[in-house]
Visitor: 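I have a structure here, written as structure tokens, and I will follow up with some questions on it.
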Amino acid sequence: MIGIALHIAAGCIALALLLNGWRLWRGPALGDRIVALDTMVINAIALIVLIGMIGGNDTYFEAALLLAMVGFVSTIAYCKFILRGDIVE
Amino acid sequence: MILLFLLLAPFVAVVALMATRDASRRLHVTIAAAASAGGLAALLSQAGAALSGRMPMVTIAWLPTLGLDLALWLDPLALLFAGLILGIGLLVVVYAHGYLKPGEPTARFLSFLMLFQGAMVGIALSRNVLLMLVFWEMTSLASFLLIGFWRDKAEARQGARMALTVTGGGGLALIAGMVLLGKAAGSYDLATILTRADAVQASPLYPAILILVLAGAFTKSAQFPFHFWLPHAMAAPTPVSAYLHSATMVKAGVFLLARLWPVLAGTEWWFGIVTVAGLATMLFGAGVALFRHDLKAILAYSTISQLGLMVMLLGFGTGAAVSAAVFHIVNHAAFKAALFMHAGIVDHETGTRDLRRLGGLAAIMPLTATLGVLAAAAMAGLPPLGGFISKEMMLEESAHTLLAGQALLVPMLATLAALLSAAYSLRYAVALHFGERRTGDVAAPHDPGVLLLAPPAMLAMLALGLGLLPMTLAGPLVAAASAAVTGGAAPDLHLALWHGINPALLMSAGAVAAAVLLLACYRPVAALAARVPAPDAKRLFDAAIARLVATLRRLSGALHVASLQRYLAVLFAVALTLGIEAAVRHGIAAGDRPTTSASPVAIVAWFALVAATVAVVAADRRRYLALIFISVIGLVMALAFIHLSAPDLALTQIAVEVVTILLMLLALHLLPGRPPRLSAPPRRLHDGAIAAAGGLGVGWLAWAMMTRPERPGISRFHWDNSYSGGGGTNVVNVTLVDFRAFDTLGEIIVLGIAGLAIYALLEPAARGVAGRRLREWRSNDRHSPERHPMMFVMATRLLLPLALLVGSYVFLRGHNQPGGGFIAALIFSIAILLQYLASGFDWTDQRRKFGEHALIGAGVLIAAATGLGSLVFGAPFLSSSFGYFHLPLIGEFELATAMLFDLGVACVVMGAVLMALAQLAQIAQRAAKAEAAEEPS
Amino acid sequence: MSVIADVVIAALLLLGAGFALIGSWGLVRLPSTMERLHGPTKATTLGLGALLLASVAYFQTRLGIWTAHELLISLFLFITAPISANMIAKVHLHRVRIGAISEPDSIAGPPPRPDGEGDWATFEAPRRDNPASTANS
Amino acid sequence: MNRLLPHPALSAMLLIVWLLMANSITVGGIVLGGVFALVLPKFTQPFWPDRPRMRFGRAFLGYLGIVLLDIIVANFQVAWLILFRRNGDLRARWLVVPIDLTTPEAITMLAGTISLTPGTVSSDVSADGRYLLVHALDVDDAEAEIARIKTRYETRLQRVFA
Amino acid sequence: MTLVDHLPVAPIVLPAVMAPVTMLVMRRRRIVSVALSFGGGVAMLVAALALFAMVQDDAIRCYALGAWAAPFGIVLVVDRLAAAMLVLAAVLALVVLGHAVATGADRKGWHFHPMFHFQLLGLNGAFLTGDLFNLFVFFEVLLIASYGLMLHGQGALRLKAGVAYVVVNIVGSALFLIAMGLFYGLTATLNMADLAVRVAALGPADQGLLRVAGLLLVTVFALKAAVVPIHLWMPRTYAATMPVVAALFAIMTKVGVYAMIRTVPLILGARAGAAAWVPAPYLLPAAIAGAVLGFVGVLVARGMREQAAFAVLASTGTLLMAVATWREATLAAALYYLVQATLAGAALFLVADATMRRRGQYADAIVPSPRFAGQDATGLLYLIAAVAAVGLPPLAGFVGKLLILDASYDAPGWPAIWATILASTLIGVVGFSRSGSTLFWKAAPPGTDPVAAPARSRADLAAPLALLALLALLTVAGGWVTVQARAAARQVMAPDRYVAAVLGHGR
Amino acid sequence: MSLEFLVASAIAVLVAGGIYLALRGRTFQVVLGLTLLSYAVNLFLFAIGRLIVDRPPLYAKGVVTHADPLPQALVLTAIVITFGMTALTVILSLRSFLESGSDQVDGDAEPVVREDAA
Ligand code: NA
Ligand code: NA
């Protein structure tokens with residue numbers, strides 16, 4: 001049962017990634033693209049967790065943690081670039 | 001040993017002259033003269049031995065593997081030649097003392113002259129053909145320097161270059177010829193080669209050898225059609241002309257023909273080429289000489305003609321002809337050197353060398369005139385001078401020579417040449433010294449001092465002596481030298497003015513009579529000759545070279561255009577071509593390893609990656625957008641690494657991606673917005689084709705490899721020994737810090753260097769043009785005024801300790817679980833960069849306590865020191881050790897030197913990353929500040 | 001026991017994945033940028049949270065190990081997600097203000113001015129010594 | 001005490017995070033984590049000036065509970081909106097929330113809470129730090145929503161940051 | 001292990017320590033830093049000489065880093081060739097270092113000394129390593145250090161050329177990784193000796209991939225060696241580089257050649273199936289083109305540095321003609337020529353530097369300038385350097401060419417080799433005589449601006465003089481050198497002994 | 001579809017994109033191209049160890065199936081080196097732009113096609 005649920009869940013996340021990708025491609029506003037990218041990161045974290053569960057392996061945890069911790073840095077940087085041009089002032 | 005002294009004396013003089021270049025002219029001349037005189041004395045001391053067949057020899061091994069030894073000998077031919085070189089050299093040195101104007105750099109002049117002398121002596125004495133080549137090319141070089149001595153004169157420079165090009169080029173052909181000769185004869189030892197005529201002449205290489213050797217000899221000896229450089233070499237100071245371009249260097253070609261006569265002569269090829277070339281040159285030179293007005297030009301063309309005579313004689317292939325040639329070498333050296341010096345005196349005293357502006361000098365410069373007339377008479381082949389005897393011998397030999405089946409062809413042409421020689425010689429003697437008095441630029445010229453007069457006078461006496469007492473003065477030497485040339489016994493030699501009435505005498509007398517006749521009606525003949533189109537060799541040569549250089553420059557410029565796009569296109573094309581070649585030749589089929597079926601998630605991720613890649617390409621000039629798509633690729637890569645069992649790679653990828661994006665955004669800030677497209681559609685199509693082919697190729701390689709079964713390899717050992725030998729369960733990390741720690745050491749050094757280079761690039765960017773551009777820099781975008789968004793700032797304050805903690809954790813566990821120094825360092829760096837992002841450069845920089853340089857330096861040192869530590873224990877560099885320790889309360893824990901190494905890694909990585917980003921941020925910040933200062937507030 | 005655990009885990013998985021999907025669907029279907037911002041920043045909180053809980057339970061039942069470190073992921077996301085949303089909103093406000101965006105930015109229309117003196121921080125730099133001004137000490 | 005342990009709460013948090021990461025509670029882990037929990041706050045002190053005092057007692061835990069509950073509830077609400085509400089029927093609003101909190105830490109926490117609960121996003125702060133700009137996805141009565149935010153979150157936060 | 005046993009790692013550890021130390025000290029005390037830098041250079045030379053002496057017994061020495069035996073760990077392998085290259089690099093480095101300090105070039109940015117030592121680290125590592133991936137790493141080290149050195153002094157032109165140089169080499173590195181990946185995929189090993197064994201054992205199905213791997217690998221080396229047609233990056237890069245740095249770079253293209261000499265007979269030799277002698281059919285034409293294009297470049301160059309760069313191209317072409325026949329005798333000739341070409345190329349750059357420093361605004365442009373101080377001295381040095389570079393007697397260049405001619409006789413394509421060597425030499429002679437007479441003989445017409453702010457010190461003549469003296473020594477001691485070269489070539493062409501030395505006789 | 005095919009085709013697409021961009025005329029495009037190329041090369045090098053799902057090379061007694069650790073170590077090294085090179089390239093091209101005022105990789109401009117005039 002869990003196996004099926006895991007695969008359904010992974011399928012959902014994959015679909016979510018596709019939807020993010022569509023928004024990223026489409027835009028139209030820069031804000032939309034950044035949101036889409038940010039969401040992709042979140043979905044990627046979800047996917048990593050699922051991969052870990054599917055494989056019965058918790059060694060991927062750090063990757064998810066790292067992504068949660070630093071994934072937003074690029075989002076912020078993209079935003080700051082638009083807002084200020086110079087991301088470090 | 002004496003031979004070695006002979007060879008080295010001139011070179012020692014070169015060094016001495018250069019060392020004393022600021023000393024007096026007297027000292028310079030003394031040094032040079034001493035070298036020549038000493039050499040001459042040494043030579044004479046060995047003359048007896050050389051002539052009696054107890055040939056002095058010396059061999060010093062130099063390049064035994066090549067067969068190039070410093071092997072010298074003094075056979076009669078060498079003796080003759082070396083004697084000429086040293087004897088005339090001595091006279092020229094003395095003459096130069098009087099000739100050079102005060103203030104002219106005698107040391108330079110004489111050192112070049114000595115360099116030349118040494119090289120010539122080397123040619124003469126070499127008993128190894130490769131050694132001879134060394135000296136051969138050196139003479140070209142010395143000649144180049146000497147012709148160009150008056151470097152301010154254009155004709156000197158051009159003449160020098162032309163001489164070097166032609167004789168140096170010939171020398172290169174000679175190199176090929178000599179090496180082939182050595183190959184055919186089985187040795188580079190001259191004595192051996194001379195005994196292998198049969199082998200050489202039977203070799204299929206013989207024609208090539210002959211032609212290449214002759215190319216060397218003919219260019220050096222100014223044989224038609226390679227003669228043209230010689231007249232332009234007259235731009236050299238006259239002592240040089242006298243020495244190099246009449247007496248010695250140009251005779252090196254003749255010498256070479258004589259030297260190799262036993263092994264090369266006697267064939268149809270030899271006879272045909274050498275005789276015809278000599279004959280043609282003799283006629284041509286004489287003909288031109290007759291109508292020149294510059295004294296040195298007359299002498300130059302006469303030299304060409306006389307050299308042709310010698311070459312022709314050697315071409316005949318008979319012993320008697322060889323004797324004639326050898327004797328003429330001596331004669332010509334005497335009278336032609338004398339004549340050049342004579343011309344130099346005239347030039348020196350009257351300021352001109354134009355025959356039309358000179359005349360009647362006999363009355364005011366009697367001594368000069370006497371020696372001039374004497375020498376010219378020798379050149380004309382008049383009795384009782386030496387020139388007469390050798391000319392008689394020549395005519396005698398030509399009378400017996402059949403060319404192209406014609407018995408009369410050679411004698412008639414030889415007579416014609418003799419006629420012309422007599423004519424220009426008499427013209428020189430008569431027009432200059434007799435008739436109406438014309439004195440050039442100077443009102444009352446007079447005989448020069450003894451320094452200028454004595455050397456040519458001695459030579460003129462010699463020319464006379466060679467006629468009056470030929471057997472005494474030259475007989476034994478010429479006989480022995482001729483024997484050396486022919487390789488047989490000494491010929492039955494009778495050098496004498498009178499041989500009775502024979503065809504030669506008749507031809508000679510007729511020629512002289514006709515010459516007188518010709519001079520009598522010189523004017524109309526000259527007018528007629530002037531109509532003959534005479535190509536200006538120098539102009540043609542210069543134009544040809546100029547055209548060649550221009551064409552080559554265009555081609556080379558077109559090829560080496562500064563274009564990265566071209567560099568890369570060619571590189572890709574080459575790699576592609578080679579890959580396709582291999583694939584076509586041997587086929588690259590997929591293997592039979594069972595594939596793994598892909599999950600829908602994987603397919604989606606793949607799709608995302610492909611779409612993002614396409615998007616990056618499509619959005620390439622919308623740089624910001626392209627970067628966002630790059631982020632997607634990075635994300636998918638990280639996911640792929642996780643899916644494919646590489647957590648360390650995933651961690652690294654995630655962290656590196658963030659840092660890279662920050663870096664690119666910082667740079668992007670300073671680049672112009674959206675630039676116009678640069679390349680036209682065909683170009684893009686062409687690049688697209690390369691790109692598609694490259695992609696398919698690499699993809700196929702990957703496919704072929706992945707579908708092949710794994711092979712047992714070294715990583716099995718790594719797996720098995722990771723825990724037991726490396727003390728860690730994360731095999732990737734143990735590989736990085738232990739099995740292949742040496743790679744990692746190199747890798748962090750790369751990173752450290754990158755940091756330094758970046759610092760070096762950005763540190764001075766605030767100055768100069770870049771600084772101005774930075775100050776003028778102004779973004780077109782309107783920006784929000786808020787610098788430090790509150791929520792962001794607050795979050796980073798909490799994140800900093802958290803991130804440092806996570807980083808430390810990742811560092812400590814890296815040996816056993818995914819992680820390690822590199823990833824930890826990236827996390828640390830990102831944590832600090834986050835502060836920069838949130839709170840600005842200054843704020844953060846003030847609070848940072850460690851410099852990047854220190855981090856990089858310390859990191860490399862820690863890593864290296866860890867490696868060196870193992871030396872103390874007698875283990876190789878970078879040997880690790882680890883142990884499990886037990887402490888109360890804490891329990892068991894592991895300590896490994898590899899972790900210390902990893903600490904070094906972390907320091908360097910952090911230093912380099914911070915260096916790159918902080919430096920870049922700082923410059924961006926400076927630009928922003930400059931912008932803010934400009935804005936009205 | 002294990003059946004119940006399995007059911008709980010499966011339910012959490014489906015819940016989490018479902019919310020993640022709904023969030024992303026919102027990103028696609030909502031009408032304009034500000035609205036779209038709500039999709040992911042909301043649904044993914046619970047979505048990921050449920051998945052992480054599932055993971056905790058899963059590893060406990062399957063491998064018999066208590067892994068609580070999934071909570072850390074949530075912790076970091078709770079710290080970072082609002083910041084991302086805030087910055088993206090700022091980007092949007094800014095872009096609308098400078099006229100870089102032509103289509104309607106939100107159903108809500110342009111944001112009202114705050115009542116106090118001054119404007120929103122994105123449009124007017126905060127002055128020193130007030131809570132909104134940070135990092136200039 | 002203050003010099004050794006400038007931020008006890010932060011230190012405690014770090015220790016907990018360390019133990020969570022290590023995924024085990026051993027003496028060795030606690031000692032090692034403890035070292036970091038002591039060192040890191042000290043080391044990062046310059047990067048967090050004017051740190052406000054916080055109470056991590058009942059007020060804080062209560063606040064956490066309420067937020068978690070709200071997140072779960074709001075998640076379902078928003079999911080409903082996304083799935084079934086037509087775009088035209090969305091009642092998106094800008095809310096200008098006046099704030100009484102005075103430290104940036106507290107304001108950030110409030111804004112973060114608002115963003116974490118689905119349906120609302122903290123979009124900006126006024127330049128004087130006294131208003132929060134919140135975008136709400138579907139709000140019938142703006143004033144009521146503002147009042148809810150203030151009473152439910154801000155008052156509690158005021159107690160935490162007392 | 002005694003300290004002597006660790007000698008093989010010394011040429012790498014010394015600069016690895018010296019670079020950061022000079023970096024850290026340089027910021028405070030320049031003099032100390034320079035002294036340290038020199039000390040490091042001398043120590044490196046001593047180590048290189050000691051290694052050179054050590055391999056005189058013809059035994060190949062292995063040093064297993066981290067005590068992990070080959071093929072599992074990384075080994076350093078010292079044979080005659082490697083030791084000789086170490087000596088060459090150390091000698092050149094000392095001379096260049098001296099010149100940099102004497103002319104103050106090292107002060108144009110404080111990172112010269114660390115970069116310099118890093119560069120040597122990369123070179124020495126590339127010479128010593130017996131591991132393919134490690135070779136990649138050291139290539140990267142020497143490349144990135146060369147970027148740093150190349151940009152030393154900066155200027156817009158240099159920066160632009162720098163971008164091209166860096167990018168091309170990054171692409172080259174990508175190719176290297178692909179080639180290496182293929183080798184690993186086929187053989188599951190990285191140790192070069194082990195690779196040799198395993199490549200020979202590959203089945204027929206893998207031959208295509210093997211050939212691709214071999215060709216790509218050699219392509220990468222060819223890129224570094226500036227082999228036509230992928231030499232295009234080189235002339236501009238070297239010409240834009242500060243001459244003193246370019247002088248050091250003279251050995252960089254030779255590293256590419258070295259890598260070919262090291263890997264081809266060993267891994268892609270007779271037993272390599274489809275990859276046996278892979279570069280052979282392509283290398284000779286490319287080498288011929290290189291010699292011709294190089295000397296044509298010498299003829300048409302507009303500046304002395306550009307000319308020197310083309311001379312380096314020419315020398316590489318000439319060298320590769322000899323290498324391309326893959327015979328012991330020609331290889332020996334090539335090795336001799338390699339040494340002399342490196343020194344001659346460096347000498348040309350240093351002479352260019354000395355001339356530039358005296359000609360003020362005329363710099364190194366091959367145009368007549370007003371008389372300048374030291375014209376005779378620099379002119380004489382230029383003459384000698386040109387003689388060496390073009391291969392006229394009496395210097396080693398001539399000997400080298402003679403060796404190549406002699407050894408290549410009878411090899412496939414020898415007439416082409418001979419014709420190229422001789423014809424290209426003639427082009428070079430014409431080129432150098434034109435430029436030399438323009439630079440040092442011809443005076444600018446009256447009224448031309450006088451030379452502004454020329455350097456007056458004569459200290460900058462010492463280094464070129466030293467190089468020329470070395471060239472003379474190379475000529476005089478040619479017998480000994482050729483014997484050494486022959487022995488080194490014999491080792492290289494006998495890969496079995498290398499394999500046995502690295503992997504042990506048990507295998 | 002197999003994983004191997006996905007990876008191989010991804011490599012192909014990345015290489016193609018990388019080469020195409022590397023051949024463009026502006027430094028930033030070239031940098032992007034190099035980035036794509038390095039992704040491709042890393043993936044290639046990784047794939048050379050063959051693809052194994054969910055068996056990270058963490059040593060444990062008795063484990064037989066695991067991914068090849070060596071290519072992973074090599075890729076890690078390559079990623080680090082690539083990062084250093086990328087950083088240097090980015091900054092070098094920026095500096096070059098600041099110095100010369102042009103971000104074109106080649107000095108002489110090609111004919112400019114203005115297709116964004118609209
Ligand atoms: Na990212
Ligand atoms: Na909310």
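We name chains A, B, ... by the order of the sequence lines, and we start the count at 1 in each one.
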Visitor: If you draw a 6.0 Å radius around CD1 in D:Ile25, do more than 12 non-hydrogen atoms from other residues or ligands fall strictly inside?
Guide: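 No.
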
Visitor: What is the distance from atom CG of C:Leu37 to atom CG of D:Leu137, rounded to the nearest 0.5 Å?
Guide: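 Nearest 0.5 Å value for the CG-CG distance: 10.0 Å.
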
Visitor: Nearest 0.5 angstrom please: D:Leu116 CG to C:Leu46 CG, how far?
Guide: 12.0 Å

Visitor: Heavy-atom count around C:Trp25 CH2 within 6.0 Å, excluding the residue itself: above 12?
Guide: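 No, CH2 of C:Trp25 has 12 or fewer neighbouring heavy atoms, counting only those of other groups under 6.0 Å.
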
Visitor: Side chains of C:Trp120 and D:Val96: does their closest heavy-atom pair fall under 4.5 Å?
Guide: yes

Visitor: Restricting to salt bridge (Lys or Arg N to Asp or Glu O under 4.0 Å), what partner residues turn up for D:Arg91, sequence neighbours left out?
Guide: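 Only D:Asp138, D:Asp140 meet the salt bridge (Lys or Arg N to Asp or Glu O under 4.0 Å) criterion with D:Arg91.
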
Visitor: Is the shortest heavy-atom distance from the side chain of C:Pro31 to the side chain of D:Leu90 under 4.5 Å?
Guide: yes

Visitor: Which residue out of C:Ala89, C:Gly26, C:Pro112, C:Pro131 racks up the most heavy-atom pairs below 4.5 Å with chain D?
Guide: C:Pro131

Visitor: Among residues 50-61 of chain C, which residues come closer than 4.5 Å to chain D, judged by heavy atom distances?
Guide: none

Visitor: What part of C:Asp119 is in contact with chain D, defined as an atom under 4.5 angstrom from a non-hydrogen atom: side chain, backbone, both or neither?
Guide: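 When you check distances to chain D, only backbone atoms of C:Asp119 fall under 4.5 Å.
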
Visitor: Would you give the length of the straight line joining atom CE of D:Met21 to atom CG of C:Leu71, rounded to the nearest 0.5 angstrom?
Guide: 13.0 Å

Visitor: Quick one: side chain to side chain contact (heavy atoms under 4.5 Å, CB included) partners of D:Leu101, sequence neighbours excluded?
Guide: D:Ala106, D:Ile107, D:Leu110, D:Glu154, D:Leu157, D:Gln158

Visitor: Tell me, for C:Leu15 versus chain D, whether the close heavy atoms (under 4.5 Å) come from the side chain, the backbone, both or neither.
Guide: side chain

Visitor: Shorter than 4.5 Å, heavy atoms on both sides: which option in D:Ala92, D:Ala74, D:Ser24, D:Ala22 has the most such pairs with chain C?
Guide: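 Ranked by contacts with chain C, first place is D:Ala92.
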
Visitor: Can you name the nearest heavy-atom pair linking C:Met34 to D:Ser123, along with the distance?
Guide: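 Answer, listing the atom of C:Met34 first, then D:Ser123: CE-OG, 3.5 Å.
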
Visitor: Which atom names give the shortest non-hydrogen contact between D:Val121 and C:Ala85, and what distance separates them?
Guide: CG1-CB, 4.1 Å

Visitor: For a quick test of reading the model, state the closest non-hydrogen atom pair linking C:His69 to D:Leu20 and the distance between them.
Guide: CB-O, 3.0 Å

Visitor: Does any backbone or side-chain atom of D:Ile99 lie under 4.5 Å from a heavy atom of chain C? Answer side chain, backbone, both or neither.
Guide: neither

Visitor: Among residues 124-132 of chain D, which residues come closer than 4.5 Å to chain C, judged by heavy atom distances?
Guide: D:Asp124, D:Val125, D:Ser126, D:Ala127, D:Asp128, D:Gly129, D:Tyr131, D:Leu132

Visitor: Could you state the interatomic distance from CD1 (D:Ile82) to CG (C:Leu21), rounded to the nearest 0.5 Å?
Guide: 10.0 Å

Visitor: Look at D:Val17, D:Thr103, D:Ile16, D:Val97 and state which one has the largest set of heavy-atom pairs under 4.5 Å with chain C.
Guide: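 When all of D:Val17, D:Thr103, D:Ile16, D:Val97 are compared, D:Val17 has the most.
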
Visitor: Please look at C:Ile88 and chain D and tell me whether the side chain, the backbone, both or neither of the residue comes under 4.5 angstrom of a heavy atom of that chain.
Guide: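 Neither part; nothing is under 4.5 Å.
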
Visitor: Under a 4.5 Å cut-off applied to non-hydrogen side-chain atoms, are D:Leu133 and C:Leu93 in contact?
Guide: yes

Visitor: Considering all heavy atoms of both residues, which atom of C:Arg29 and which atom of D:Arg85 are nearest to each other, and what is their separation?
Guide: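 Closest pair (atom of C:Arg29, atom of D:Arg85, distance): NH2-O, 2.6 Å.
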
Visitor: Are more than 12 heavy atoms, taken from residues, nucleotides or ligands other than D:Phe56, located less than 6.0 Å from that residue's CZ atom?
Guide: yes

Visitor: Output the distance between atom CG (C:Leu72) and atom CG (D:Leu19), rounded to the nearest 0.5 Å.
Guide: 10.0 Å

Visitor: If you take all heavy atoms of C:Gly109 and D:Trp94, which pair is closest and at what distance?
Guide: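 Distance-wise, the nearest heavy atoms are O-NE1, 2.6 Å.
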
